[in-house]
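One structure, pasted below without further comment.
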Amino acid sequence: MLEYEFERIAVSKGVFVGKSMDHQDAIRSWAEAGWRYAGWVPATQSNGFITTIDLIFEREQAEE
C-alpha cells in the first residue's frame, strides 16, 4: 500500500514565490528521504490565479 505526504508551495501569478527553485528543492529533498514525486494540485486561488499548490509525494508503506 502507498502512503502520501504533501508540501504546500506559494505561487504568485504563475511564478513560484521565494527563491525560484523552491519546488525543485522540495522534490529533491523528499526524494533523498525515500519519497517519489507523484504530482501537484492547486490548493488555493485568488482573483483567478493559483496562489498555492500542494506537491504530492508517495512511497511504499513500511510493513508493520
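Heads up: numbering here begins at 1 and tracks the sequence. As the structure is a computational prediction, the values presented were derived from the model and not from experiment. Quick note: numbers below take in every heavy atom, side chains included, and nothing from hydrogens, waters or symmetry partners.
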Distance, nearest 0.5 Å, that separates CD of Glu5 from CD of Glu3 | 6.5 Å

Least distance between heavy atoms, Ala10 atom then Thr52 atom | CA-CG2, 4.1 Å

Any chance you could measure Ile9, atom CD1, to Ile27, atom CD1, to the nearest 0.5 Å?
-> 8.0 Å

Taking side chain as C-beta onward, heavy atoms only, is Phe57 less than 4.5 Å from Phe6?
-> no

Do you know the tightest heavy-atom contact between Arg59 and Gly34?
-> CB-O, 3.6 Å

Does the side chain of Glu7 come under 3.5 Å of the side chain of Trp30 through a donor N or O and an acceptor N or O?
-> yes

With the side chain counted from C-beta on, respond yes when Leu55 and Trp35 share a heavy-atom pair under 4.5 Å apart, and no when they do not.
-> no

Thr51 side chain vs Thr44 backbone, donor-acceptor pair below 3.5 Å = yes

Hey, are the side chains of Arg36 and Leu2 touching, using non-hydrogen atoms and a 4.5 Å cut-off?
-> yes

Take Tyr4 and Ile56 through the side-chain contact (heavy atoms from CB on, under 4.5 Å) test and state the conclusion after the steps.
-> CA-CA 7 Å; Tyr4 293 90; Ile56 306 164; 3.9 Å; yes

Transitively linked via ILVMFWY side-chain contacts under 4.5 Å: Trp40 with Val11?
-> yes

Within a strict 4.5 Å, meaning less than it, do heavy atoms of the Val41 and Ile53 side chains meet?
-> no

